[in-house]
Structures are given as C-alpha cells and as structure tokens.
Amino acid sequence: MSSESLEKGYEPSGIEEKWYRYWLEKGFFAAQDKSDQKAFSIVIPPPNVTGVLHMGHALNITIQDIMCRYRRLCGDNVLWMPGTDHAGIATQNVVEKNLANQGITRDQLGREKFVEAVWKWREESGGAIINQLKRLGASCDWDRERFTMDQGLSDAVRKVFVRLYRDGLIYQGQYIINWCPRCRTALADLEVDHEEHDSFLYYIRYPFEGSSGGKEGLVVATTRPETMFGDTAVAINPDDERYKSLTETKVRLPLTDRIIPVIKDGYVDTAFGTGALKVTPAHDPNDFNLGETHGLERIKVIDDDGIMTEQAGEKFKGLDRFECRKKAVKELEDLGLIVKTEPLKNSVGHCYRCKTVVEPSLSKQWFVKAGPLAKVAADAVRDGKTRIIPANWAKTYFDWLDNIQDWCISRQIWWGHRIPVWKCLECDQIMVEEVDPDKCSLCGSSDIVQESDVLDTWFSSALWPFSTMGWPEDTELLKTFYPTNVLVTGFDILFFWVARMMMMGTRFMGEIPFKDVYIHALVRDEHGKKMSKSKGNVIDPLKVIDEYGADAFRFTLAVFAAQGRDVRMSQERVEGYRHFVNKLWNAARFAMIHFKDDKENGDGHENASSLPANEMNLKCQDQDATPGGQIYKSDGCGGEADKIAVSQEPDGGINKTDSGNCCCSADCIASMESSCSITEKWILSRSCATAAAVRAGIENYRFNEAAGAIYQFIWHEFCDWYLEAAKPALYEKEGRARRIAVKTVLGKVLKDILLMLHPFMPFVTEEIWNALPMVTGSIMEARYPDCNITGQRFRNTDIEQQMSFVFDLVSSVRNIRGEMNIQPAMQLNVTFCTEDGEEQRLIRENSGLVKNLARLESLYLSETDSVPPSCATAVVKATTIYVSLKGVIDFEKEEQRLEKEIGKVTKELISVSKRLSNESFLDKAPDDVVEKVKEQQQMLQEKSDTLKSNLERIKKMKA
RNA sequence: GGGCGAAUAACUCAGUUGGUAGAGUGCAACCCUUACAAGGUUGAAGUCACAGGUUCGAGCCCUGUUUCGCCCA
C-alpha cells in the first residue's frame, strides 16, 4: 500500500499498529530527565494489575493522551509516567482461585512459595492492561513503567512507614475494623461498599433480672440478633420519657445465663425502635465507643471465618453467622421473647473486592493517624496550591478530610509490602526498621519475628507521584517534573487515592504532588446506568476499537467529556465519529489529488514539478519499509518554523513555490497574497480561530469544546464551504497563479487541521501527514499551529463577516431551490439588488463563487430595485435576491414560502420592538445593548417590508 | 438523615461573568454534482421540569416543590 493514493475509505486496522510501533521506535514518548524545554508531567492513575481495560480507563487515558500530545506539539518536555499497582487483595484472590483449580490452598503452599506464585502470575498475565492502553494510542514513556511492588517503590514504602511511625503517626491498636470473612483480612472504611438490603427489625424482650417471666423487661430492636451473645449492656437515653420511672438496673440476656447492666447514654437515638439499644462492643463500631466510655466487656462471638465462637454457647457455636441469626430468632420465638418483627431497609457493608457481607469486628491492627496529614492536604486546596476541577468536587474533598477517621493500613494477606516491624521473642522489644534487623536491638537475641501483615495497597499508591520518579533518591527527574502539572482521575477514587497522595506528597516532598486535579465523568451505558458485568451492559473498549478505530473512539470520548457530567457511551455515537474520520480522510484524498497534479499534468515546468513528485514517491516507497521514513530532513518545513525552504533545496535554483508544492508556510502564503481571494483569507482566518479555540479547550480542560470546535471547522467550514469554493481554482479555471495560491492555502490549512486534531486522533493524522508532499518527518515532531503571534496574522473578523454575507446569498438561493422543489440540475438565473455599496462590491467580486455554489446560469447585479418577472425572492441584509422562475414558478408555493418567512421575521420584530418601547429598558440597559437591538429592529423592519412587497407582487401575478 | 448533581428538540447533550436557545443523531423531501452515499442540499421540530422571587430583561441568579442519579452516614 502506498500513501500516494489514499484508499477511498479509511481503514484503521494495520495503520494504527504501524504508527504506534514507529512512535515507539523513534522514542517520541520519552521524556528528558533534564531539558531546557518547559516541563509538563502527568502520572497515570495506575490501573490494577489484575485489571482489564474498561470504559473508565479509556476516557481517563484519552484525556491524558490529548494533553500530553498537545504539549509535545507545543514543544514541551513531556513526562507521562505509566505503571500498575499490585492490588493486594484482588491479586491474591486471583492467584488463590487459580491454585484452587489445582486443588491447592495458599496455606499448603506456604507464604514464600505463594508470593513466588503471585510474581509468576504477574510475569505471565499481569501486564495485560498495559498493552490495552497502547491500543488506545497512549503515549506514555513506557521505558519508565513502574509497579508498586518494584524495589524502588518498596524502599519508598518502607521509608515512609518508618518515618511516620517514628513521628507518632502510625500506631497499633485493638479497634473495631471491617473484616471480610472470605478474604480473611481487615479492610479500610473506604473499602466497604454499602448497599440497601431488605431485612427485618426484630423486637426482642430482655427480661429484668428479678422478673419471673411474664411481660416484664426491656424490649430492644435489632437487625442482627446473632450478635446478642456478645451483648454486654442495654443502653437507654437518660432523657427518654418512656424510661424515666425505670428502676431496674439489670436484665437477663436471653439464650444465655448472663446478667447485663442497663446503662444510660445520650448517644442513644430515642426515635429508633424502642429507644432501648443492645450494646455489642466487639461487633459494632458505635457500640464499641459506648463500651469504651462505660467500661464494658468486649465479647467476640463471630470468628474470622464468620462462624459463631464458643462464646455463643453450646447450641450456637460453629454455626455460620446467618444460620445463627435464623436459629436464634426461632428459639426466641419459642420462648415468646420476640415481641414483633417488622421489615426494614438497611444499609449493609460489603467487601469491595468480593462482595461478602463485612463483619465489624474487634481486632488488633495498624493505623495511620490521619488528622494532621489531612489538615495539610485540605489546606493545600484551600490555599489554592492545588486546584480541583470542576471546583465543586473540592467540597466533597474537604468534607471527607475534615471528618477523617484513622486509616487502617494492615491487611492479613501475603501479597503486598510486609510491615517493617519486628518483635523480639525474648524481651518483647518492638523494632521498626528500614533495613531488616537480624537481632534484637535491646537484648541482642536473634529470636525475632517480623509482623506478618502487609500494607494496604493504597499506602503505596499514595506515594506514586514521587516514588515513581525515584524518591527517596534526589533525582533529576524529580527536580524536573515534581510537582506534576495535573492528575486526571474519576471521582470514585478522590478519597482512596487523591486525598492520600496529597497527604503523603505534602508530608514527604514538602510540596503538593500536582497543581491541578481534573475530575472527569464516569462512563455509563446509553441509558445512564453504571456499566457492570452483572447487568451485562458493559461495552468492551477493545471491541469498539476493533470495529471503529481508536481515533473515532477517542474523539467520541472527548466530545462527551463535558465537565461535571457523566458520559453515556453507545456504539452509534462512535459510528458517527467514524464518519468524521472518513470525512477528513476524503478531504485529504481530495487535496492530495491536487498536490500531485503537477507530475501528471506536466504543466511546462518539468524541473520544478518533478522534484516534489519525486520526493513524494521516495517517501512513499520508503514508507513501505519503515513507516514515515525520511528522505529529506528539511527543518524549514517541519511546522514550527513557518519558513519557506526555498534556497536550501538543491534543485537548480528553482523556487519550490513555482512548482506549487512549497512547504505551505505562513510566509509562502504571505508571498502570494495578491493571488488569494477573500475565500482564502476567510479559511485562513477561521483556521486561526479554530486553533485558538482548540488550544483554549485543551488548556482549560474543556475537551468537548475543543473537539466540537474542530469538528465544526473541518466538516462545516473546510469541507462544506472551502473545498467546494476552491474547486474551480484548483482545476485551473482561474489561471495558474490562482491555482498555486489556492493549493498553498489548502496545504497550510490541511496541515494545521492535522496538527489541531492530532491530540484527539493520533493515528489518522499521522497517516495523512506522511502522505503530504510538503512536510517531512512525523507529525509528532511538528509544532502546533501558532495562533498567538505569527499565525494570528491571518485572523480577520471583517473578512469573516463579509464571507458570511456571501454564503448567506448562496444559502438563500439553495433554500428557494429546495423549498420550490427545483431540480439540482436546473441552472438558475438570479438578480441581486442592493443599494449598499459594500454589498455590491462583495457580490461583484464573488460572482463566480456564488454562481458556482448556487448553480447559477447567470448572475446579475442591479443597483436599483428592478424586478424581473415570475421570480421567487429572498432577502439577505440589504440585498434582495430574485430567482427567475419563468415558466416553472408555483405561485401558491412561493406565496406560502414568503408568508412563512414573514411570519418568522414578524415574530422577531415584535419581540425586539417590545423591548425598545419599554422605557426602563432604554433607561437601564447598557448603551451597547440598546444600540444593538435598535440595529436589529431596523434590519428586521427592512427585511419585513421587502418580503411583504414581494408577497404582494406574487399575489398580483397569481391573480 | 447529610451532601452533590441532573431535568433544554423524538434521542443524546452543549449553552463560562443575565441580552431572548444551539449541535450531533434521528425524521421528511430531493440528489450517485469530477474527495466522501460512512456523502450533498433543504426542511420540520423546544411553555428550557413546576411554582414563586430578584431584574429593564432569567435556560442561567435566589426560594420552594416534583422526579431521577450519585456520594457519605
């Protein structure tokens, strides 16, 4: 396949792989540790090593890639740091499951062998998601890929643990934590998902100590009767009227022989149940707190597997906790102690990894004292050191940090960073060390053991922005790229990860980890539902890429990534943007036909024309061997230096511009300005405006606006109007100078389009770029169209307004054609009447253009209102358009058309006039607004008058 | 229970200091016009959820209501 003749339809497969490989070979994604260029850095939110690419990743990666590619086009030294996290629980679960298939448990294997098995798994199938990110076109600096279990990152973890411990910010203690009986580990509060469940509220009578049956006692309400064996009190609110006269101080715990006290505490909610609360300090966090203040005993009745302990008594021990609930209720019913049962919706915690119902349980764990760290992290945002975008997420961030609970960081699993704490079995000395000790620091005994727990995965993820750059070493990379410019992530890990990175970054680097946090939307299905395997509404990004191409997919994500809104993804959307890719492709094909025309036409400048043709042939041949290989490396035409490569070319002194295949720089165009028509000036101006809009969109995280701007420009300005307008000149119907000028402008605008679009659609833009004869090298080496200094000189809003008048003339004629059902093949005769000198000039100068685009046989310009017979009419500004329809006019239809138009104008006119007759409007509204409305009124009035007189004329002719 | 957000054309969504509503898709009609039928031209279509308020003027600001979604407890 040669790029010389682009295929009729764009086929992404093959092309994407080709360019991705090429970029990697060329090292275009590599960051410089040290450079004079401006630095720009992002660390990737490390995907879970067990993960597979889903829509959330796709959006996240696409946004980051857009920013990184854009910054490279701006000439920045870009670091996009990739990697994965070791996902302790999830990974251990996966490997355990694999072992289970072979009939092996991890205990049979032993810790060391098991960890080896996990590493082996990670080598074989752990990095799958990394290759999937590459399919998207992610331009990460892959040579720097990191993993949270790497040596360097593990060193960082250990150092941080030891320092926090010595600073008194890490401690070990007996507290209620969330226990997953299936994973057999503690979980942090955040790792518990709460779900509404239909359950029952059981009202159970606890008889008074001295009572002999009957109805005496306190009735407690609970959703968890199985925990009653661990009750060590019943609590009531001292202000509760119902219990004001209560004299009993003890109750008998049913199904046991225990007597427990009645305590009073303002914590008890009088509105819930009966106002009497059973207190189970070992199995409920709030009860635990009550137990602390009242010095209650803690009795654990559910073990680490979710099975009832001996404490539950002979009848119940060994039962599963839910079985026990049923049995206990049955027994209580038999004893007549269940007063009533009512249905209740309550929120039940589940393990976020395996969905098992979490058991709040008393346990000895390691915690991070989060308060002091959280304050600094919150202040960094309050002080504006870090911006959260969109800003409303800052509130959520503050709410969490300001009410933060201590963070349980120990996990009873084997896969992860083992806690660097040792205990001497001789003297009980505790050692917390960066380097493994071999003997007790106190008594010198070598009988020491290391803590068996590992750290929460998020503990290591929290260090990601600096641990990946080499911390604790003081590396060049850190100096150049820390703090990073922006963190891009979904709000679902705002607490898990963002807040914790802020805590650790400020603590250990003394500086925030990122200047901006951009929180993007969640991707949902087309009906707004969260995608999940169980719902079966998951769309696989890889299948989407296979079917529509990565470019179309990425563009779709960008278009729908409006701030603060969820993205609803559906295949049809992607299909729509595949059409857009194809549109661009065909526009480029069209341009290519004209760029290479010289060779085939042999237009009398053999020497001149043979060079670019040869150049292209060489490039194309070469491309088959190594994609985008470069024969000529001329800096002049690379992009940034908008310079003409004239005298540098060894082509016998013949100016490349003469051939028509110059480098299409801004200077080239300036040199042939006299041959440019208003249409060329217009498209150059619009191209400038679009480049600025795309730049602003990307820099302000308004990716949908950037994508929208370029879509609109390419399709509806460049393709719909400019290419159509340029055709006569390109086919040399307006002379040679015109053809060369138009070709040059076409080349310049196409180049700029590719550059603006490249961050969104890297593959197709590179493919087209390499087919262009006027550039060398990769599009990744070029510079973004300069829209602030030299490039901006093409911006001309006067020209834009003039052109919009001309286009309106064309549209009006087309409208008449459409509404009157006149065949496209029929050539029309049109007269434009206007007394406005400027409008006359524009019509005169663009008569060829209008004739061509509106398909006119003849075009007349009349300075006075001379009405041709039998015609349909339209009004644009001060110009009346008469479309002669001698013999074919349908008076009825024309009458209806004019009436409809008059109706529209009248409606507007009424609203405008109403405002102008309102004195307080004239009085209080700003002058420029009033002036604008007045102008509007005048314009509408004139239009209305003209339309009405035309309607009268038609009515007369009809009669 | 606390917090956040959404409600705009048939559908999905834009709408950045308040100036009188836009796009894509879909729909209808016509057209294979020398890049593209994955296309072109034209057209129809909205009480901006509801009720108040501020203002000369509200899709936008304020208050309340309804419906839906999410987060936290």
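Naming convention: chains lettered A, B, ... in sequence-line order (proteins, then strands); numbering from 1 in each chain. Only heavy atoms go into these numbers, but all of them, side chains included; no hydrogens, no water, no symmetry mates. Here the structure is a predicted model, which is why all the values come from computation and not from measurement.
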- Query: Taking the nucleotide of RNA chain B with the closest heavy atom to each, which residue, A/Lys395 or A/Lys733, is nearer the 5' end?
  - Reply: A/Lys395
- Same-atom distance (C1') from B/U8 to B/C50, integer angstrom: 14 Å
- Looking only at atom C1', what distance separates B/G26 and B/A44, rounded to whole Å? 13 Å
- Task: Figure out the CD1/P separation between A/Ile768 and B/A35, and round it to whole Å.
- Result: 16 Å
- Query: How far, in whole Å, is B/A45 from B/G5 if one measures between their C1' atoms?
  - Reply: 29 Å
- So, the side chain of A/Asp406 versus the backbone of A/Ala370: is there a donor-acceptor pair under 3.5 Å, distance only? yes
- Task: Pick base, sugar-phosphate or nothing for A/Arg915, based on heavy-atom distances below 4.0 Å to the nucleic acid.
- Result: base
- Item | Whole-Å distance separating the CG atom of A/Asn918 from the C1' atom of B/U20 | 14 Å
- Query: Within the structure shown, what part of the strands sits under 4.0 Å from A/Tyr10 by heavy-atom distance: base, sugar-phosphate, or nothing?
  - Reply: base
- Fit a plane to each ring of A/Phe703 and A/Tyr518, take the angle between them on a 0 to 90° scale, and name the class: parallel (under 30°), tilted (30 to 60°) or perpendicular (over 60°). perpendicular
- Which of B/G19, B/A44, B/U42 is nearest the side chain of A/Lys904? It is B/A44
- Message: Say we look at B/C62 and B/G18: how far apart would their C1' atoms be, to the nearest angstrom?
- Response: 13 Å
- Comparing A/Ser911 and A/Lys727 on RNA chain B - which has the more 5′ nearest nucleotide: A/Ser911
- Can you tell me, in whole Å, how much space there is between the C1' of B/C48 and that of B/U42? 27 Å
- Note on the structure: Per atom distances to the A/Phe921 side chain, the nearest of B/U16, B/G19, B/C36 is B/G19
- Message: Given 3.5 Å as the limit, does a donor-acceptor pair link the side chain of A/Asp923 with the main chain of A/Glu919, or not?
- Response: no
- Task: Look only at the side chain of A/Asp284 and the backbone of A/Asn286, and say whether a donor-acceptor pair between them is shorter than 3.5 Å.
- Result: yes
- Output yes when a side-chain donor or acceptor of A/Asp551 lies under 3.5 Å from a complementary backbone atom of A/Phe763, and no otherwise. yes
- Donor-acceptor under 3.5 Å (A/Arg915 side chain, A/Ile910 main chain): no
- Sugar-phosphate, base or nothing in reach of A/Glu705, heavy atoms under 4.0 Å: base
- Item | Distance in angstrom units between A/Arg855 CZ and B/U34 C1', rounded | 11 Å
- Query: Where does the angle between the aromatic ring planes of A/Tyr711 and A/Trp715 fall among parallel (under 30°), tilted (30 to 60°) and perpendicular (over 60°)?
  - Reply: tilted
- Can a donor-acceptor pair under 3.5 Å be found between the side-chain atoms of A/Glu724 and the base atoms of B/A35? yes
- Task: Quick one: label A/Asn403 by what it contacts on the DNA or RNA (base, sugar-phosphate, nothing), any heavy atom closer than 4.0 Å.
- Result: nothing
- Message: In dot-bracket form, 5' to 3', how is RNA chain B paired? Count Watson-Crick and G-U wobble pairs only if both distances fall under 3.5 Å, and write | where the partner sits on another strand.
- Response: (((((((..((((.....[..)))).(((((.......))))).....(((((..]....)))))))))))).
- Would you kindly check whether a donor in the side chain of A/Lys583 faces an acceptor in the base of B/C36, or vice versa, at under 3.5 angstrom? yes
- Task: Would you indicate, yes or no, if B/G39 has its OP1 or OP2 atom less than 4.0 angstrom from a side-chain nitrogen or oxygen of A/His579?
- Result: yes
- Rounded distance in Å between the C1' positions of B/C13 and B/A6: 12 Å
- Expressed as a whole number of Å, how far does the P atom of B/A23 sit from that of B/C36? 27 Å
- Message: The side chain of A/Ala925 is closest to which nucleotide in this list: B/G15, B/C36, B/C56?
- Response: B/C56
